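Just so you know, ligand 1 is whichever comes first in the structure, and atom 1 is the first atom listed for that ligand. As the structure is a prediction and not an experimental result, all values here were calculated from the model.
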Amino acid sequence: MTKPKMRLGAFLQPTGQHLAAWRHPNAVADAGTNIGHYVELARIAERGLFDMIFIADRLGFLAEDKAILKHTVRNIAHFEPMTLLSALALQTSHIGLAATQTTSYMEPFNMARKFASLDHISGGRSAWNVVTSNYEDESLNFGREQHYSPAERYERAMEFVEIVTGLWDTWEDDAFPQDKESGVFFDDEKLHVLNHKGKHFSVKGPLNVARPPQGWPVIIQAGTSEPAKELSARFANVVFSAEQDIAAAKKFYADVKSRLAKYGRNEDEIKVMPGIMAVVGKTKADAQRKFDQLQDLVPPEVGLNLLSQTMQMDMSKYDVDAPMPEVDVTGKWSRAQMMLDLAKLNNWTVKDAYKSVSAGRGHWVVVGTASDIADQMELWFTEKAADGFNVMPPVFPGDLSEFVDLVIPELQSRGLFRTSYEGKTLRENLGVARPKHFAAS
Ligand SMILES: Cc1cc2nc3c(=O)[nH]c(=O)nc-3n(C[C@H](O)[C@H](O)[C@H](O)COP(=O)(O)O)c2cc1C
C-alpha cells in the first residue's frame, strides 16, 4: 500500500521569510516588484513538485511608521497578489496559485469574478486565502476610521464566502453549448441567479464568468479564533496555521477536524498545513551559522516593532533584557496569547521574543540538515499534527532551491512526498474533491 503523502506550499515573500532577509548578501533587494524574480521562484517550487505557491497580503501600511519601516522590506513595495499570480499562471503548468484577499475591504462580486478568472487562466490552479484583515490600519484606506471588531469581521466573512461560492455556481458546468449552428450561446436552464439579501451584503448576480474549472477555487483559511475555525469547518479545503509546538499543533489539528461533521464533511476534506521555516545546511553547524547570520541582521527597533504588532500593543517601553511581561491580551488576536505562552514556556526575555518573531514571525523554525528537517516534518505528519506544511524559506531564491534540492529528495526517499504531480488542477493534487454543482443530479 502506498503511504499517504504530505502536501507542501511555498510561502513566498519578496526577499525571504526572515525579517532581515533583504539585507542578506544573496537576497534580491528589489524582489517585491521584480517579476523575473517571482517567475524564478514559481519555477523552482514547481520543480520541487510543491502543491502551491502562496502570496500573503496587506492593504497598505502606515507612513507614520516610516522610521521603523525604512529598515524593512515587508509590505512596503510589492505586487498585488491576483495580478502577480495571473502572470505566473502563464509561466507554470501544474503548481497551485494561492492569493490572500480580504473579506473586510472588498466586495463579494469582485472577489468571485477575480478568482473565477484566475481559475480559468490557470486551468484550475487557483486558491483563495480568505482573511478578514489582520491589520487595523487597513480600514483607513477604505473610508473607515476603525477596523471592524473580530466578531463582526468573521460574521461578514461567513456571509461573504457564502455569496462568493453561490456566485461561482451561477452557471452549471455545461451551461455553454456555444452552438454556432443553432445560435444558442448558453442554456438558460443552466443559469442560476443568486438573489442574495443578507445582513451585510445584497448581491443579485448572476456572475459574468463561467463556472471555474475547479467548480470552486480551493479555499484556504488561516485564522485560529473560534469564528475562524467555524469558517474553516464550513468552507475551507486548506487551513494554514502558525504552531511551534507539536502538542499544540496536534490539539489544533484535532479541533479543526472535529468540526467538519457538523457541516456534513469528512476529515480528509481539509488539509491542515502549519508553517515551517526550514533553515537547511549541509551540516548542523552550517545551518546554525546561516541562521545566526540572519538573526544578527535584525535591528532591535525593527524586532521590537514586529513584536508590538504580534502583541497588538506597544512593547518598546519594556526593557529588552527583562523577562517578557505578562500583559493582558484579552480581545487581541490569538497570536498574542501564543507568544505569551511560548515566552513563559521558554523563559524568554523581550529580546528573545522579538528575535523569535523576527525569524519565523510566529511560525515553527527548524535549523539543521535535510535529514533533521525531514525527521521533524515526518514526526508532525505521522503524529497527526499536520497534513502538510507551508514552507517558509528564510532567503529567496537560494533557500527555496536548497529545500527543493536537499529536503524534497529526503522526503521522497521516505515515501512521504510525491515524485510527480497526480493531476492538473490544484484540487486533484491536494486530493480535495471538486464540488458538484447544486443543480447537478
Ligand atoms: C500562514 C498564514 C498566513 C496569513 N496571511 C495573512 C495575510 O496575508 N493577510 C492577513 O491579513 N492575515 C493573514 N494571516 C492572519 C490570519 O488570517 C488571521 O487573521 C490570524 O491568524 C488571526 O486569527 P484570528 O483573527 O482568527 O485570531 C495569516 C495567517 C497565517 C497563519
Could you check whether [Y] and [X], counting side-chain N and O atoms only, form a donor-acceptor pair closer than 3.5 Å?
X	Y	value
Arg144	Ser139	no
Asp387	Tyr253	yes
Asp372	Gln376	no
Arg58	Asn134	no

Identify the protein heavy atom lying closest to [atom], giving its residue, its atom name and the separation to 0.1 Å.
atom	value
atom 19 (O) of ligand 1	Asn134 OD1, 3.5 Å
atom 20 (C) of ligand 1	Trp333 CE3, 3.6 Å
atom 25 (O) of ligand 1	Tyr154 OH, 3.3 Å
atom 18 (C) of ligand 1	Gly223 CA, 3.8 Å
atom 30 (C) of ligand 1	Ala222 CB, 3.5 Å
atom 5 (N) of ligand 1	Asn129 ND2, 3.8 Å
atom 17 (O) of ligand 1	Val131 CG1, 3.3 Å

Under 4.0 Å from a heavy atom of [X]: which atoms of ligand 1 are those, numbered in the order shown and with their elements?
X	value
Thr100	7 (C), 8 (O), 9 (N)
Ser334	27 (O)
Ala56	8 (O)
Arg153	25 (O)
Ser133	11 (O)
Phe240	1 (C)

- Centroid-centroid under 6.0 Å between Phe201 and Phe109 rings: no
- Between Phe142 and His147, is the ring centre distance below 6.0 Å? no
- Task: Hey, can you tell me if Phe389 and Trp380 have their rings parallel, tilted or perpendicular (30° and 60° cut-offs)?
- Result: tilted
- Between Trp128 and Trp168, what is the ring plane arrangement, given parallel below 30°, perpendicular above 60°, and tilted in between? perpendicular
- side-chain contact (heavy atoms from CB on, under 4.5 Å) assessment of Thr15 paired with Val395: CA-CA 6 Å; Thr15 54; Val395 182; over 6 Å; no
- Over all atoms of both residues, closest heavy-atom pair of Leu294 and His18: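 Nearest pair, atom of Leu294 first, then His18: O-CE1, 3.4 Å.
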- Message: Ignoring hydrogens, what is the shortest heavy-atom contact between Pro397 and Glu40? Give both atom names and the distance.
- Response: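 Heavy-atom minimum between the residues: CG-OE2, 3.7 Å.
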- Message: Using only atom types and a distance under 3.5 Å, with no angle test, would you say the side chain of Glu138 pairs donor to acceptor with the backbone of Leu59?
- Response: yes
- Query: Do the side chain of Arg427 and the main chain of Ala433 share a donor and acceptor less than 3.5 angstrom apart?
  - Reply: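 Pair found, side chain donor or acceptor close to backbone of Ala433.
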Geometric N/O contact [X] with ligand 1, under 3.5 angstrom:
X	answer
Ser225	yes
Thr132	no
Glu138	no
Thr224	yes
Phe11	no
Asp57	yes
Ser241	no

- Query: Can a non-hydrogen atom of Glu226 be found less than 4.0 Å from any atom of ligand 1?
  - Reply: no
- Hey, does Arg335 sit under 4.0 Å from ligand 1 if you only count heavy atoms? yes
- Message: I'd like to know whether CZ of Arg414 has more than 12 heavy-atom contacts from other residues, nucleotides or ligands below 6.0 angstrom.
- Response: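 Yes.
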- Query: Is Ala228 touching ligand 1 with its side chain, its backbone, both, or neither, if touching means heavy atoms under 4.0 Å apart?
  - Reply: side chain
